[in-house]
Amino acid sequence: MLNIALPKGRLGVKVYKLFADAGYEFPGMLDSNRRLVFVNEELNMRCFWVKPFDVPVYVERGTADIGAAGKDILLERNPDVYELSDLKAGYCRMAVAAREDFTDDSRRTLRVATEFPNIAQNYYAGLGRDIDIITLRGSLELAPVLGLSDVIVDIVETGTTLRENNLHVLNYIADLSARLIANKSSYKFKNVIINEIMRRLEKNS
Ligand code: PRP
């Protein structure tokens, strides 16, 4: 049986629709219930909802043979998996943002609030800038507004959340979208079926 981990939430719904359009349907997956595991006996496949941040963990350890994960999560966790293809869904960008009145003083340590400490660390290490990372779990926009941080490193999609909190983008760090990932040994031993899934998803995206 082939095991597939999809990220629970908005991105997961988009990705599941790609799978369904490609002929991989798991009845009940989009119903509003709290079930997490769905089997399609005919396909000999099992699909399950996983917290987006945890998809690479399931795939890296082989509990899932393949999965779909945002590029943000792959950059942050740097898992030992194959990134097979860009699913061309959930386009957004990782950005540094600050209050309109913010000016950087390079003599001071920059306070950076983020859900992505490794991405932020790598970005500022590349610039040779000293930073103090403040790791938060969502609603990052509050941090510079209330003075907890100087800047945030966060996902920007439409820019609405920034605008509505009087913040603006200082720099873009990376383009993001959903990626198809595979466990390394699954890719070796279940190569035919995984390549077939990849090919069908690419045809539909
Ligand atoms: C994400 C992100 C921003 C927002 C950006 O948050 O962290 O806050 O979306 O989208 P926009 O540019 O279209 O406004 P999400 O809604 O996932 O919730 P969170 O703040 O709890 O992470």
Side-chain angles (χ1 to χ4, degrees), residues 4-19 29-34 36 47-59 64 67-79 83 86-102 104 110-127 129 131-181 205:
I4 305 167
L6 295 188
K8 205 169 178 345
R10 263 181 303 165
L11 182 63
V13 170
K14 283 185 194 163
V15 171
Y16 174 69
K17 285 180 178 163
L18 294 177
F19 272 78
M29 271 210 65
L30 295 184
D31 293 356
S32 51
N33 57 43
R34 300 187 68 84
L36 297 173
C47 196
F48 38 88
W49 292 125
V50 173
K51 283 277 181 195
F53 208 69
D54 298 337
V55 170
V57 178
Y58 283 83
V59 175
K71 183 67 181 173
D72 49 331
I73 288 155
L74 299 176
L75 289 170
E76 178 64 22
R77 295 199 85 137
N78 195 23
E83 188 178 316
D86 186 342
L87 292 170
K88 301 191 172 131
Y91 282 114
C92 50
R93 291 197 273 185
M94 187 64 68
V96 181
R99 282 164 52 145
E100 299 286 353
D101 59 2
F102 168 76
D104 195 5
L110 189 70
R111 295 169 306 153
V112 182
T114 187
E115 281 189 81
F116 304 92
N118 293 326
I119 293 177
Q121 200 79 61
N122 290 339
Y123 173 70
Y124 283 105
L127 299 176
R129 184 77 168 87
I131 60 165
D132 173 14
I133 299 249
I134 303 162
T135 304
L136 297 175
R137 289 276 171 262
S139 301
L140 292 170
E141 294 79 8
L142 269 177
V145 169
L146 299 182
L148 177 66
S149 76
D150 300 307
V151 300
I152 58 175
V153 167
D154 194 14
I155 292 167
V156 178
E157 192 179 348
T158 61
T160 311
T161 315
L162 290 182
R163 261 193 313 279
E164 291 190 354
N165 290 287
N166 301 315
L167 303 174
H168 73 297
V169 171
L170 296 179
N171 288 106
Y172 287 107
I173 297 181
D175 290 322
L176 309 172
S177 57
R179 307 294 159 93
L180 184 69
I181 59 173
S205 64

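Remember, it's 1-based here, ligands and their atoms both numbered in the order they're listed.
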Original post:
Who's the nearest protein heavy-atom neighbour of atom 16 (O) of ligand 1, and how far?
Top reply: Arg10 NH2, 3.4 Å
Original post:
Which of the numbered atoms in ligand 1 are below 4.0 angstrom from a heavy atom of Gly159?
Top reply: 11 (P), 12 (O), 13 (O)
**OP:** Measure the shortest side-chain to side-chain distance between Arg129 and Asp104 over non-hydrogen atoms and say whether it is less than 4.5 angstrom.
**Re:** yes
Subject >> Protein residue, atom and distance nearest to atom 1 (C) of ligand 1, heavy-atom basis >> reply: Ile155 O, 4.5 Å
Subject >> Validation row: Leu74, Pro79 side chains within 4.5 angstrom (heavy atoms) >> reply: yes
**OP:** List every atom of ligand 1 that sits less than 4.0 Å from any heavy atom of Thr160, numbering the atoms from 1 in the order shown and giving each element.
**Re:** 12 (O), 14 (O)
Subject >> Shortest protein contact, atom 21 (O) of ligand 1 (heavy atom only) >> reply: Gly138 CA, 3.7 Å
Subject >> Glu141 neighbourhood, listing ligand 1 atoms whose heavy-atom distance to it stays under 4.0 Å >> reply: 3 (C), 8 (O)
Subject >> Residue pair Leu36 / Lys8, side-chain heavy-atom distance below 4.5 Å >> reply: yes
Subject >> Non-hydrogen protein atom less than 4.0 angstrom from atom 4 (C) of ligand 1 >> reply: yes
Subject >> Phe19, CZ: over 12 other non-hydrogen atoms inside 6.0 angstrom >> reply: yes
Subject >> atom 9 (O) of ligand 1 touched by protein (heavy atom, under 4.0 Å) >> reply: no
Subject >> atom 22 (O) of ligand 1: nearest protein contact (heavy atom, Å) >> reply: Glu115 OE2, 3.3 Å
**OP:** Locate the shortest heavy-atom distance separating Val50 from Val55; write the atom from each residue and the value.
**Re:** CG1-N, 3.7 Å
Original post:
So, Thr161 versus Arg163: side-chain donor-acceptor pair below 3.5 Å or not?
Top reply: no
Original post:
Of the protein's non-hydrogen atoms, which lies at the shortest distance from atom 13 (O) of ligand 1, and what is that distance?
Top reply: Thr158 OG1, 2.5 Å
Original post:
Within 4.0 Å of atom 18 (O) of ligand 1 (strictly less), any protein heavy atom?
Top reply: no
Original post:
Hey, what do you get for CE (Met94) to CD1 (Ile155), rounding to the nearest 0.5 Å?
Top reply: 4.5 Å
**OP:** Please identify which atoms of ligand 1 are closer than 4.0 Å to at least one heavy atom of Val156.
**Re:** 12 (O)
Going by atom type alone, with no hydrogens or angles, which donor-acceptor pairs under 3.5 Å involve a side-chain atom of residues 9-17 and a protein atom two or more places apart or on another chain?
from  : atom 1 : to    : atom 2 : distance (Å)
Tyr16 : OH     : Phe26 : N      : 2.7
Tyr16 : OH     : Phe26 : O      : 3.3

**OP:** May I ask you to list the atoms of ligand 1 that are less than 4.0 angstrom from any heavy atom of Ser139?
**Re:** 19 (P), 20 (O), 21 (O)
Subject >> Spacing of Leu170 atom CG and Phe102 atom CZ [to the nearest 0.5 Å] >> reply: 6.5 Å
**OP:** May I ask you to identify the nearest protein heavy atom to atom 14 (O) of ligand 1, giving residue, atom name and distance to one decimal place in Å?
**Re:** Thr161 OG1, 2.4 Å
